[in-house]
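Since the structure comes first, as structure tokens, the remarks are kept for the end.
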Amino acid sequence: MKAASLLHSTKQSEYMHWAKTRSGARFNLATSGLANLSLKDLRVSLDDLDITGTSGYGYEPLVRALADRHRVDPACVVTAAGTTFANHLAMAGLINPGDEVLFERPAYEPLLALAHYLRADVKRFDRRFEDGFRLSLSEIEKQISSRTRLIVITNFHNPSGVLTDDDILAEVGEIARNVGARVLVDEVYVQMLFEEPPRTAFHLGNQFVATSSLTKAFGLSGLRCGWIFAEPELAERMWRVNDLFAATPVHAGERLSVVALQQLEGIAKSAQQRFDDNRGLLNEFLDQREDLETVRPTAGSIMFPRVKQGDSERLCELLRGKYETSVVPGKFFEMPAHFRIGLGGDTETMAEGLVRLGAALDEIG
Ligand SMILES: Cc1ncc(COP(=O)(O)O)c(C=O)c1O
């Protein structure tokens, strides 16, 4: 094992800490998912709930609902507290300390921190702004080696919001298969395509492991309804890792997740409308700003503009301090000239937040 990888071991996420303590603002454009729903938004009766159930290795109605919705074998489903914990169980099941892991750059920092926490030997491949942040097979091929055990990708890419199509992912799968590696795809944002059935990279071959949740697309973060799709032997291994951490899930949460899955179609309709309306507003705003350059995805909830004059830190501070508006500073994604803006808040907040962002940009310009 390389000494450098040990030095990088970490037990915290800088971004998550910032998100919990510093991202709040009257006009919050920092969150990446649909604004949270409340219990009132679900049709639920007390008879739907209980606090004790039979969920040793998965609550059968929840596992079945997720398996049916995504057309996968229930033996391939592991449930977990959000994509966050799904990623933890998946990665811990897939790698050992010192294993080489290839990671996209820019990356979602908590996922990268997790790889360091698990003492992986992390190598990076670039997704370049100049290439529209697309996943480049040649960049992966440049970095992969016979020691690579895992390639980690987010889809849509966080922070850029760029979607990677299945044909490209399949080619990544081939590159991984050639060296005996797996591909972990955090596809929490893919739910925002609102397809039925939703696509999952897991269908592209057994070298793929996919993680997701109901958090981002449906405003259901509070349910912590996350999952992993992995071939049965791996799924079993991940359930066994869970025995060291969560042991058993909160049963009332599992029950509510089953209820939510039954009502997802209605929630999806208004969510999609929200993202489309807000994307329209953001595109109009970006059309007018010569001081920003942006790769503009046509679906999803995030974009990652670049401030032409160079550093977003001052902008983000001014915006939050004087204009009561928050976006995510690009430094959390290793690209300080950028900032990430989210489309999931209510449309009035989005509109006013953009006016304030314009004023702050004018002030630093
Ligand atoms: C790529 C990615 N994965 C996972 C998460 C967290 O998801 P969850 O709330 O389901 O744990 C986020 C949140 O921003 C994310 O961007």
Side-chain angles (χ1 to χ4, degrees), residues 13-20 22-24 28-37 62 66 78-91 103-115 117 127 133 135 151-164 183-193 198 200-201 209-229 242 245-246 249-250 253-254 256-257 260-261 264 271 275 297 299-304 326-330 332-334 338-345:
S13 157
E14 294 308 319
Y15 166 73
M16 198 55 87
H17 183 63
W18 175 87
K20 287 180 175 175
R22 306 274 303 153
S23 73
N28 187 336
L29 309 185
T31 51
S32 56
L34 186 74
N36 289 325
L37 302 187
L62 178 57
L66 292 169
V78 178
T79 56
T83 319
T84 305
F85 199 51
N87 284 332
H88 188 142
L89 296 180
M91 221 188 276
F103 238 95
E104 62 191 8
R105 176 171 48 214
Y108 174 57
E109 187 266 352
L111 195 51
L112 182 60
L114 171 64
Y117 166 74
R127 301 180 64 149
F133 286 115
L135 198 64
I151 300 173
V152 184
I153 291 163
T154 51
N155 202 23
F156 314 151
H157 179 218
N158 188 358
S160 72
V162 168
L163 172 70
T164 302
V183 186
L184 174 61
V185 185
D186 173 332
E187 53 191 24
V188 68
Y189 295 102
V190 160
Q191 305 282 328
M192 291 176 187
L193 289 172
T200 167
V209 172
T211 54
S212 191
S213 76
L214 298 183
T215 296
K216 297 285 164 192
F218 307 104
L220 293 169
S221 177
L223 291 180
R224 308 314 292 141
C225 178
W227 60 86
I228 307 165
F229 298 143
N242 185 58
F245 291 92
V250 177
E254 294 178 307
L256 273 173
S257 298
L261 280 159
L264 220 47
F275 291 128
S301 64
I302 46 178
M303 291 198 207
F304 196 46
S326 59
V327 295
V328 185
F332 290 113
F333 303 99
E334 310 160 278
H338 293 247
F339 62 91
R340 198 193 69 186
I341 185 159
L343 307 172

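Whatever order the structure lists ligands and atoms in, that order sets their numbers, starting from 1.
- The distance from ligand 1 to the heavy atoms of V188 drops below 4.0 Å at these ligand atoms: 2 (C), 3 (N).
- Heavy-atom distances between Y189 and ligand 1 reach below 4.0 Å in at least one pair.
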Inset, instruction - Walk me through it: do E14 and E109 pass the test side chain to side chain contact (heavy atoms under 4.5 Å, CB included)? - result: CA-CA 8 Å; E14 294 308 319; E109 187 266 352; 4.0 Å; yes
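- In this structure, F304 and F133 have tilted ring planes: the angle between them lies in the 30° to 60° band.
- Between atom CZ of residue F103 and atom CG of residue L114 there is a gap of 7.0 Å, rounded to the nearest 0.5 Å.
- For atom 14 (O) of ligand 1, the nearest protein heavy atom (residue, atom name, distance) is K216 NZ, 3.0 Å.
- Among all non-hydrogen protein atoms, the one lying nearest atom 3 (N) of ligand 1 is D186 OD2, 2.5 Å.
- Checking only distances, S221 never comes within under 3.5 Å of ligand 1, N or O to N or O.
- Of all the listed residues (T31, L220, T84, N87), T84 holds the heavy atom that lies closest to atom 11 (O) of ligand 1.
- Looking from atom 5 (C) of ligand 1 to the surrounding protein, the closest heavy atom is Y108 OH, 3.5 Å.
- When atom types are taken as modelled, the side chain of R340 and the backbone of A30 share a donor-acceptor pair closer than 3.5 angstrom.
- Under the 4.5 Å side-chain criterion, counting only non-hydrogen atoms from C-beta, K216 is in contact with S32.
- Taking CG of N155 as the reference point, atom CG of L163 lies at 5.0 Å (rounded to 0.5 Å).
- Expressed to the nearest 0.5 Å, how far CD1 of I228 lies from CG of N87 amounts to 8.0 Å.
- Applying the 4.0 Å criterion to heavy atoms of G82 picks out, from ligand 1, the atoms 10 (O), 11 (O).
- Those atoms of ligand 1 with a heavy atom of T154 less than 4.0 angstrom away are 1 (C).
- Near S213, meaning under 4.0 Å from one of its heavy atoms, ligand 1 places the atoms 10 (O).
- Relative orientation of the W18 and F332 rings is tilted, given thresholds of 30° and 60° on the angle between their planes.
- Proximity to N158 (heavy-atom distance under 4.0 Å) selects the following atoms of ligand 1: 15 (C), 16 (O).
- Note on ligand 1: S32 sits in its first shell, one or more heavy atoms being nearer than 4.0 Å.
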